[in-house]
Amino acid sequence: MIPLPLRFAFRYLFARKSYNVINLISGIGVAGMAVGTAALITVLSVFNGFNALVSDSLAQAGATLVVRPAGGKVFIPEGPAFDWLSQHASSVSQVLEEQAFLSFEDRQSLARVKGIDSVSESGSALEEHIVSGRWQLHRGDLPQAVGGAVLCHNLGIRPQFVTPLEIHYPSRTGSISLANPAASLETQRVQLAGTFSINAELDAKLIIVPIEVMRELLDYDKEVSALEIECDPSLKKELQERLGPDFRVLDLKEQNESVYRMMRYEKLAIYLILVFIVALVAFNIYSSLRMLIIEKEADMGTLRSLGAPEALLRRIFLLEGVLVSLLGMAIGLLIGITAVILQQRFGFVPMPGNFAVTSYPVALKATDILYTVLGVSFVGLVMAFIPSRKLN
């Protein structure tokens, strides 16, 4: 059996009011909640789609697991734990990287220079992201480099150029001359073989060279700054136990922790902004309820004469406001989810510019629907609660 306050709320919701302005304001409230809910679903889904693209690009540029020293910059990968690793991983690549100074003719830039061994060179997924030149770090005995497209553009260098790219780093073992600091720099020269494009951060900061170039530049012998491992991700816990506290074993998210943290914060900010917009639109619910309370004063007097308590009267208008917000939210969910599903299947909204995808990527998540329902319901409940407390 339907409770009495809910029966009154349903009647007031769908019955024609004495003043058309109340119907108009109620309709605006429902439409506003519907548009706000649909916007939340679609915008969060688009954000999920772009996050998935970023995650895919990071996965292609990174490894399943990465071993780094807990303290210091380099280590020598020797010992029982590393022997065990070589037996259980499909591939183990040595990496030596450092922030260095690049120069080409009259242009300079700071960059992250990453030296990789032959294992990583032969099986790198970066080969699929080459936009000019080719993936080749050796030309006979001559070392070559592959750099981010934005970084190479800023330096004014292309794969066809004969002039080599110079990599500079302060001498790690020698003394620094204050009179002539340039003489204290170690320099390696490499030809640019190609450029790649993965994402904005890597395209502007990363250049890849053979590991022997970095060892000569930094004056190292067997040291590495990291091991990149392709294996079953479930090996992470056992590998960490075998290596002990002197090493850190990082999965893909931990390798790019700052990127994933930024994406979470951006999504949270977008969610809060859209909920705030829904709250502004929901003031129409407040206005329509205040006017409905004025219109139904005679009904309230009759119910009071029949012995209805004030709590019952308040619940009538509270439920009235909740029903308005729920109606708008239901319409918005239907519109938003339908739009996202259609975009996933048919890609009606194209992506402007030259991107890897031709239409806006979307990904619908159950958690986004849940947070949308909670946020919109809370806003509607607050907007209904305030006028229902002021019947007297």
Side-chain angles (χ1 to χ4, degrees), residues 57 60-64 66-67 73-78 82 86 89-105 107 109-169 171-172 185-198 202-230:
S57 66
Q60 293 176 356
T64 306
V66 170
V67 175
K73 290 185 175 182
V74 296
F75 64 96
I76 298 177
E78 295 179 351
F82 296 104
S86 62
S90 56
S91 69
V92 179
S93 306
Q94 296 185 358
V95 173
L96 183 59
E97 60 181 318
E98 186 57 86
Q99 194 84 1
F101 183 74
L102 306 183
S103 65
F104 178 75
E105 295 182 343
R107 298 190 182 186
S109 177
L110 285 174
R112 172 186 156 203
V113 185
K114 181 178 181 179
I116 62 175
D117 62 8
S118 58
V119 175
S120 184
E121 180 182 353
S122 61
S124 177
L126 286 175
E127 189 172 0
E128 301 177 1
H129 296 272
I130 296 296
V131 293
S132 65
R134 54 186 174 178
W135 173 259
Q136 185 178 16
L137 298 184
H138 290 89
R139 187 178 180 184
D141 294 332
L142 296 177
Q144 298 190 119
V146 176
V150 176
L151 175 62
C152 294
H153 175 76
N154 294 338
L155 288 170
I157 186 173
R158 295 182 180 179
Q160 299 86 359
F161 291 178
V162 177
T163 305
L165 175 68
E166 294 185 347
I167 307 173
H168 310 282
Y169 192 81
S171 176
R172 193 176 62 86
L185 295 177
E186 296 287 346
T187 301
Q188 289 290 315
R189 295 174 176 83
V190 291
Q191 296 288 143
L192 184 68
T195 61
F196 60 81
S197 179
I198 300 177
L202 295 179
D203 293 354
K205 296 181 179 180
L206 180 63
I207 186 166
I208 299 174
V209 298
I211 194 170
E212 58 266 22
V213 172
M214 288 300 292
R215 281 177 172 158
E216 290 183 18
L217 182 70
L218 303 177
D219 195 19
Y220 283 126
D221 184 16
K222 297 181 179 181
E223 289 85 352
V224 299
S225 57
L227 293 179
E228 294 185 346
I229 308 162
E230 296 299 333

Item to check | Minimum heavy-atom distance between V92 and S86, given as atom pair plus value | outcome: CG2-CA, 4.5 Å
Next on the checklist: Test: side chain to side chain donor-acceptor pair (under 3.5 Å). Region: residues 202-212. Which pairs qualify, not counting sequence neighbours?
Outcome noted: H138-E212, S197-D203
Item to check | I167 vs L217, side chain to side chain contact (heavy atoms under 4.5 Å, CB included): CA-CA, chis, key distance, verdict | outcome: CA-CA 8 Å; I167 307 173; L217 182 70; 3.6 Å; yes
Item to check | Spacing of Q144 atom CD and Q191 atom CD [to the nearest 0.5 Å] | outcome: 7.0 Å
Item to check | Side chain to side chain, L102 and E166, heavy atoms closer than 4.5 Å | outcome: no
Checklist entry - Would a distance-only check, ignoring hydrogens and angles, find a side-chain to backbone donor-acceptor pair under 3.5 Å from S225 to V95? => result yes
Checklist entry - With respect to L218, which candidate in E97, E98, Q188, K73 satisfies the side-chain contact (heavy atoms from CB on, under 4.5 Å) definition? => result E98
Checklist entry - Can you tell me how far the CD1 atom of I130 sits from the OG1 atom of T195, to the nearest 0.5 Å? => result 6.5 Å
Checklist entry - Does some side-chain heavy atom of Y169 sit less than 4.5 Å from a side-chain heavy atom of L185? => result no
Item to check | Which atom of W135 lies closest to which atom of E121, heavy atoms considered | outcome: NE1-O, 2.8 Å
Checklist entry - Going by distance alone, is a donor N or O of one side chain under 3.5 Å from an acceptor N or O of the other, for S91 and E230? => result no
Checklist entry - Is there side-chain contact between V224 and V74, with heavy atoms separated by less than 4.5 Å? => result no
Checklist entry - Which of these, V213, V209, I211, V146, sits in a side-chain contact (heavy atoms from CB on, under 4.5 Å) with L137? => result V146
Checklist entry - Nearest heavy-atom pair of E228 and S120: which atoms, and what distance? => result OE1-OG, 4.3 Å
Checklist entry - More than 12 foreign heavy atoms under 6.0 Å from CD of E128: is that the case here? => result no
Checklist outcome for this item: Residues R215 and Q94: closest non-hydrogen pair is NH2-OE1, 3.0 Å
Checklist outcome for this item: What one should report as the nearest heavy-atom pair of F196 and L202 is CE1-O, 4.1 Å
Checklist entry - Is there a side-chain contact between I198 and L126, using heavy atoms and a 4.5 Å cut-off? => result yes
Item to check | Intermediate values then yes/no, side chain to side chain contact (heavy atoms under 4.5 Å, CB included), E223 and I76 | outcome: CA-CA 5 Å; E223 289 85 352; I76 298 177; 4.0 Å; yes
Show me the donor-acceptor pairs, under 3.5 Å and distance only, between side chains in residues 149-163 and residues at least two apart or in other chains.
residue	atom	partner	partner atom	Å
N154	ND2	V150	O	3.3

Checklist outcome for this item: When every non-hydrogen atom of S103 is compared with those of L165, the smallest separation belongs to O-CD1, 3.5 Å
